[in-house]
Amino acid sequence: MIWIIVAAVTVIVVIGALVLNARQRRVNDGVDSFRRQIDALSPEARRPVIDQVQKQTDADDTVDETHDAQDDPDGA
Amino acid sequence: MARDLAIDLGTANTLVYMKGRGIVLNEPSVIALNRQTGEVLATGREAWQMIGRTPGYIVAVRPLRGGAITDFEITERMIRLLLQRVGVSRFTRPKVVICVPSAITEVERRAVTDAARRAGAADANLIEQPMAAAIGADLPIDEPVGNMVIDIGGGTSETAVISLGGIVALEAVRVGSFDIDAAIQNYIRREHGIAVGERTAEEIKMAIGSADPTPQESQAEVRGRDLMTGLPKTVILTPEEIRYAIEDVVSSIVASVVRCLSKAPPELSQDFLVRGMYLVGGGGLLRGLAARIERETEVPVRMSNVPLEAVVLGAGHVIEHYDALKGMFMGARR
């Protein structure tokens with residue numbers, strides 16, 4: 001009889017520990033994912049995308065200037 | 001394996017950002033069809049040039065109005081053709097993030113995602129335009145400070161207060177730069193008795209249109225069809241006339257900005273006085289609009305460095321950091 005009680009208590013303790021662990025992990029997941037989102041929105045993280053487009057814009061401007069110069073060889 | 005894409009599916013223009021490559025497509029959201037066979041004849045810039053100049057059997061249409069799909073089938077075909085142009089095929093199905101106005105309904109959202117999936121996307125998620133605009137305009141939305149962005153597109157104008165990566169207050173009206181063009185068309189028809197096309201109205205807006213008096217204003221000579229005689233006729237328009245013609249549309253945009261400001265929590269409101277509001281979108285380029293908003297709200301208004309590309313750049317950033325930022329998708333659990 002005593003063994004049944006011990007086994008039942010052990011099972012309850014183990015289940016309780018697992019539930020608490022899962023809940024803690026969920027809390028940490030929320031913190032982690034929010035932190036990841038904020039980090040991904042930082043100016044440093046955004047820099048490569050902005051720079052990439054800036055390079056494209058600069059390249060387009062250079063092409064336009066070259067075309068303008070070809071259209072107007074006197075530069076007038 | 002296809003590279004993932006971010007799409008700014010605007011009423012006026014569609015821009016596509018490819019992961020790792022940058023902006024790969026920037027074309028008007030127009031499609032030209034054979035009215036009899038339903039066959040697609042042109043899309044993008046080529047179709048735009050046909051607006052108002054087509055023979056009876058061709059129709060050049062904008063399948064989006066007010067940021068929403070008005071013709072599902074045509075939109076799907078347009079998206080499919082645009083995706084094909086950037087290398088998407090039946091065998092390469094990318095993940096796609098699409099920017100849409102925050103005010104669209106659940107049915108409209110589903111229509112956009114379904115159109116993208118049918119057009120070849122493996123997975124399609126939506127992001128609110130003001131949020132994408134704030135990311136693309138390089139505003140410090142990762143900080144606990146008030147960032148205000150005003151996005152004036154072809155069919156919608158949206159104002160949002162953003163802090164810590166989320167929208168705090170939002171105000172959207174289904175009024176945009178196409179309504180300004182329509183107001184100019186109506187005014188010329190009513191006051192001068194001549195009919196002008198959509199493209200001419202847009203050219204007038206760009207030449208002499210303004211929301212507030214500006215220095216060095218000039219007049220414009222406009223040619224159209226006399227409604228009485230049916231003959232071509234020329235009239236001279238002044239900037240004052242155009243301001244009068246578009247006043248209702250401009251007032252409605254400014255009123256929505258004021259409403260958004262009034263919704264913002266006081267702690268964030270004080271940040272706007274220092275940091276100002278940021279104007280993005282093609283409609284934001286209307287002369288005097290920033291000054292008009294600044295005058296009526298008493299808050300500084302600044303123009304973004306990339307007004308036309310801000311939204312797609314923001315969505316592009318999301319596609320570059322897909323896993324970290326997927327919580328920002330519309331309908332995602334925050």
Side-chain angles (χ1 to χ4, degrees), chain A residues 7-76, chain B residues 3-6 8 15-26 97 127 131-145 147 162-167 304-329 332-334:
Chain A
V9 169
T10 309
V11 167
I12 289 166
V13 168
V14 168
I15 289 171
L18 286 173
V19 167
L20 280 175
N21 188 30
R23 187 175 295 175
Q24 186 60 37
R25 201 179 303 151
R26 266 208 302 276
V27 170
N28 289 341
D29 280 354
V31 172
D32 288 347
S33 76
F34 180 67
R35 181 50 39 211
R36 271 203 308 277
Q37 180 174 321
I38 293 296
D39 287 347
L41 290 172
S42 69
E44 297 76 37
R46 278 186 277 175
R47 189 57 45 210
V49 172
I50 307 277
D51 286 350
Q52 200 172 37
V53 172
Q54 193 59 51
K55 271 185 215 153
Q56 275 182 332
T57 312
D58 291 347
D60 291 348
D61 289 348
T62 314
V63 170
D64 288 347
E65 279 169 20
T66 315
H67 283 183
D68 289 347
Q70 282 169 353
D71 293 346
D72 189 2
D74 296 336
Chain B
R3 284 172 184 258
D4 297 335
L5 302 169
D8 173 10
L15 288 88
V16 179
Y17 177 101
M18 185 178 277
K19 189 176 179 179
R21 290 252 182 97
I23 298 171
V24 290
L25 188 131
N26 181 356
V97 171
I127 183 168
M131 175 59 84
I135 300 172
D138 210 12
L139 304 188
I141 59 165
D142 56 317
E143 295 172 19
V145 293
N147 296 282
I162 297 168
S163 176
L164 280 172
I167 290 177
S304 159
N305 292 332
V306 281
L308 300 174
E309 297 88 6
V311 172
V312 79
L313 281 183
H317 179 75
V318 172
I319 207 88
E320 297 280 358
H321 296 83
Y322 191 85
D323 288 329
L325 296 178
K326 62 186 174 193
M328 299 177 90
F329 296 144
R333 265 181 62 191
R334 301 249 165 122

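Just so we're on the same page: letters track the sequence lines, and every chain starts at 1.
Using a 4.5 Å cut-off between heavy atoms, A:R35 does not touch chain B at all. Using a 4.5 Å cut-off between heavy atoms, B:H321 touches chain A through its side chain atoms alone.
The minimum heavy-atom distance between A:V49 and B:Y17, with the atom names listed, is CG2-OH, 3.6 Å. The minimum heavy-atom distance between B:D142 and A:P43, with the atom names listed, is OD2-CD, 3.7 Å. Shown here for A:L41 and B:M328, the closest heavy-atom pair between the two residues is CD1-CE, 4.0 Å.
Among the candidates B:E143, B:E309, B:R21, the residue making the largest number of heavy-atom pairs closer than 4.5 Å to chain A is B:R21.
Once rounded to the nearest 0.5 Å, the distance linking CD1 of B:I141 with CD1 of A:I38 reads 8.0 Å.
By the side chain to side chain contact (heavy atoms under 4.5 Å, CB included) test, A:V14 is found to be paired with A:T10, A:L18, residues two or more places apart in sequence or in another chain being considered. Scanning for side chain to side chain contact (heavy atoms under 4.5 Å, CB included) contacts around B:N26 gives B:N13, B:L15, with sequence neighbours left out.
Screening residues 316-325 of chain B for salt bridge (charged side-chain N to carboxylate O under 4.0 Å, His left out) gives B:D323-B:K326 as the qualifying pairs, with residues at least two apart or on separate chains.
Listed by sequence position, B:A134, B:I135, B:G136, B:D138, B:L139 are the residues of residues 132-139 of chain B in contact with chain A, using a 4.5 angstrom heavy-atom cutoff.
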